[in-house]
Asker: 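My structure is below; once you've seen it, I'll send some questions.
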Amino acid sequence: MTDTLTAGTVDLAVEHGVATVTFNRPQARNAMTWGMYQELSRLCQSFQADANIRAVVFRGAGGRAFVGGTDIEQFIPFRTGDDGVAYEAQIEACIDLLCALPMPTVALIEGWAVGGGLAIATACDFRLATPGSQLGVPIAKTLGNCLSVANVARLSTALGHQRVKRMLMLAEMIGAEEALACGYLHQLAAPEDIVEATNALVQRLTALAPVTQQVSKQALNRLVKHSAPEAEDLIRQAYGSEDFHEGVNAFVAKRKPIWKGL
């Protein structure tokens, strides 16, 4: 089980009006624990109230991953579909706070951006990545759960409907070159250059009209929300399934899951 020594942190540094948020759990590919999600939510709330913050950069520690999803051990206590509904509501509240930030947000991706990590990156306004980065939601291979409809809508808007089907139904990972070609990534940069490239983009963003940026991004966010109907029944079905519990148990036992479709 995750203990206090391995639970990870979400760290903040602010310089010249630019906040850098670092997901700091490199020994686990920065996989998110409940505490890390809560700290991310708290930071987003603080940014909402701070007019001195002109842009926010999100990145992972260690250079090998942005965020490798939610720590699967967090799902061990789940017993019913209602646990899944509560979890997805918690994650959605966090992602919604990130989407609602009035200032531009940039995801700096080095390596893996998976599951909840891909949701966080997709909630940002712009994304840069190193050439070897991999993006995906391979839950059809690992857990047998699902995403909220709101997160599916964000992914579909940013990546394209059929590409998201490949991610969700075939458990495919998308490489950085494909993500750049479809417009999901703003830019690719070598590992030694990506911080400089991110800083250059942030300088461009902070030189432009903040109110125009704010209302434009929120207009786009409202369009995405409008396309995402309530779907608790789907979440309850997935998290209440035998397959979901099999996925969690198989992960803990370090074996392949045996899917039954139940």
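Since the model is a prediction, treat every value here as computed from it, not as a measurement.
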Asker: Would you sort out whether Asn151 and Val137 count as a side-chain contact (heavy atoms from CB on, under 4.5 Å), showing the intermediate values?
Answerer: CA-CA 11 Å; Asn151 273 322; Val137 191; over 6 Å; no

Asker: Taking only residues at least two apart or on different chains, which pairs with a member in residues 168-193 satisfy ring-ring contact (aromatic ring centres under 6.0 Å, His included)?
Answerer: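 Checked against ring-ring contact (aromatic ring centres under 6.0 Å, His included) - neighbours excluded - the pairs reaching residues 168-193 are Phe126-His186.
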
Asker: Would you name the heavy atoms of Glu246 and Ile258 that are closest together and state the gap between them?
Answerer: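 Between these two residues, the closest heavy atoms are OE2-N, 2.9 Å.
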
Asker: Only one of Leu223, Val224, Val152 forms a side chain to side chain contact (heavy atoms under 4.5 Å, CB included) with Thr157, so which one is it?
Answerer: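 Exactly one candidate clears the test, Val224.
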
Asker: Could you note down all residue pairs passing salt bridge (Lys or Arg N to Asp or Glu O under 4.0 Å) where residues 130-145 supplies at least one of them, sequence neighbours left out?
Answerer: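 Residue pairs with at least one partner in residues 130-145: there are none.
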
Asker: What about Ile174 and Leu188, same hydrophobic cluster or not, with Ile/Leu/Val/Met/Phe/Trp/Tyr joined at side-chain heavy-atom distances under 4.5 Å?
Answerer: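 Yes, same cluster.
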
Asker: About how many Å separate CG of Leu147 and CD1 of Ile235, when rounded to the nearest 0.5 Å?
Answerer: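 Taking CD1 in Ile235 and CG in Leu147, the distance rounds to 9.0 Å.
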
Asker: Between atom CZ of Phe66 and atom OG1 of Thr130, what is the distance when rounded to the nearest 0.5 Å?
Answerer: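 Answer rounded to 0.5 Å: 12.0 Å.
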
Asker: What pair of heavy atoms forms the shortest contact from Ala197 to Gln187, and how long is it?
Answerer: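 Residues Ala197 and Gln187, closest heavy atoms: CB-NE2, 3.7 Å.
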
Asker: Would you mind reporting whether Thr198 and Arg59 have side-chain heavy atoms less than 4.5 Å apart?
Answerer: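 Arg59 vs Thr198: side chains apart.
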
Asker: Just verifying a value: how many Å separate Ile120 CD1 and Cys124 SG, rounded to the nearest 0.5 Å?
Answerer: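 If I round to the nearest 0.5 Å, the distance is 8.0 Å.
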
Asker: Would you please test Leu97 and Phe47 for side-chain contact (heavy atoms from CB on, under 4.5 Å) and show each step?
Answerer: CA-CA 10 Å; Leu97 283 170; Phe47 297 150; over 6 Å; no

Asker: What is the minimum heavy-atom distance between Gly62 and Pro26, and which atoms define it?
Answerer: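 Looking at all heavy atoms of both residues, the shortest contact is CA-CB, 4.2 Å.
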
Asker: Applying the 4.5 Å side-chain criterion to the ILVMFWY set and letting contacts propagate, would Leu118 and Val57 be lumped into a single cluster?
Answerer: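 No, separate clusters.
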
Asker: Between Arg127 (side chain only) and Ala121 (backbone N and O only), is there a donor and an acceptor less than 3.5 Å apart?
Answerer: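 Yes; judged by distance alone, with no hydrogens or angles, the pair exists.
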
Asker: Heavy atoms only: give me the nearest Ile139-Cys146 pair and the separation to one decimal.
Answerer: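 Of all heavy-atom pairs spanning Ile139 and Cys146, the closest is CD1-CA, 3.7 Å.
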
Asker: Could you state the interatomic distance from CG (Asn24) to CE (Met36), rounded to the nearest 0.5 Å?
Answerer: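 Reported value, rounded in 0.5 Å steps: 7.5 Å.
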
Asker: Please check if the number of heavy atoms outside Leu262 that lie under 6.0 Å from its CG is greater than 12.
Answerer: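 Yes, because the 6.0 Å sphere around CG of Leu262 holds more than 12 heavy atoms from other groups.
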
Asker: Please round to the nearest 0.5 Å and tell me the distance separating atom CD1 of Ile194 and atom CG of Asn199.
Answerer: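 One finds 11.0 Å between CD1 of Ile194 and CG of Asn199.
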
Asker: Considering residues, nucleotides and ligands other than Gln237, do more than 12 of their heavy atoms fall under 6.0 Å from its CD?
Answerer: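 Open: at most 12 neighbouring heavy atoms sit under 6.0 Å from CD of Gln237.
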
Asker: Assign the ring pair Tyr239 / Phe78 to parallel, tilted or perpendicular, where the plane angle (0 to 90°) is split at 30° and 60°.
Answerer: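 The arrangement is tilted - the two ring planes meet at 30° to 60°.
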
Asker: With rounding to the nearest 0.5 Å, note down the distance linking CD in Glu177 to OG in Ser133.
Answerer: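 Here the rounded value is 10.5 Å.
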
Asker: What's the shortest heavy-atom distance between Thr142 and Pro257, and which atoms?
Answerer: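 Closest pair (atom of Thr142, atom of Pro257, distance): O-CG, 4.3 Å.
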
Asker: Indicate the atoms forming the closest heavy-atom contact of Ala231 with Val149, along with that distance.
Answerer: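 In terms of heavy atoms, the two residues are closest at CB-CG2, 3.1 Å.
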
Asker: Would you call Thr20 and Glu15 a side-chain contact if the rule is heavy atoms closer than 4.5 Å?
Answerer: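 A side-chain contact under 4.5 Å is absent here.
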
Asker: Test Val114 against Arg29 for side-chain contact (heavy atoms from CB on, under 4.5 Å), laying out the working first.
Answerer: CA-CA 10 Å; Val114 180; Arg29 288 184 177 172; over 6 Å; no

Asker: Enumerate the side chain to side chain donor-acceptor pair (under 3.5 Å) contacts for residues 206-223, please, sequence neighbours excluded, ordered by first and then second residue.
Answerer: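 Only Asp125-Lys217, Gln218-Asn221 qualify under side chain to side chain donor-acceptor pair (under 3.5 Å).
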
Asker: Any salt bridge between Asp82 and Arg236, counting N to O under 4.0 Å?
Answerer: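 Here Asp82 pairs with Arg236 in a salt bridge, since their nearest N and O are under 4.0 Å apart.
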
Asker: Do Leu234 and Val85 share a hydrophobic cluster (ILVMFWY, side-chain heavy atoms under 4.5 Å, transitive)?
Answerer: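 No, no single cluster joins them.
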
Asker: Do the side chains of Ile91 and Met32 join up, straight or via other hydrophobic residues, at under 4.5 Å, putting them in one cluster?
Answerer: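 The answer is yes; both residues are in one hydrophobic cluster.
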
Asker: Assigning hydrophobic clusters by single linkage (Ile, Leu, Val, Met, Phe, Trp, Tyr; side-chain heavy-atom cutoff under 4.5 Å), is Ile76 placed with Tyr87?
Answerer: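 As far as the 4.5 Å side-chain criterion goes, Tyr87 and Ile76 are connected within one cluster.
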
Asker: After noting the C-alpha distance and the side-chain angles of Asp50 and Val14, does the key distance pass the side-chain contact (heavy atoms from CB on, under 4.5 Å) rule?
Answerer: CA-CA 12 Å; Asp50 190 345; Val14 178; over 6 Å; no

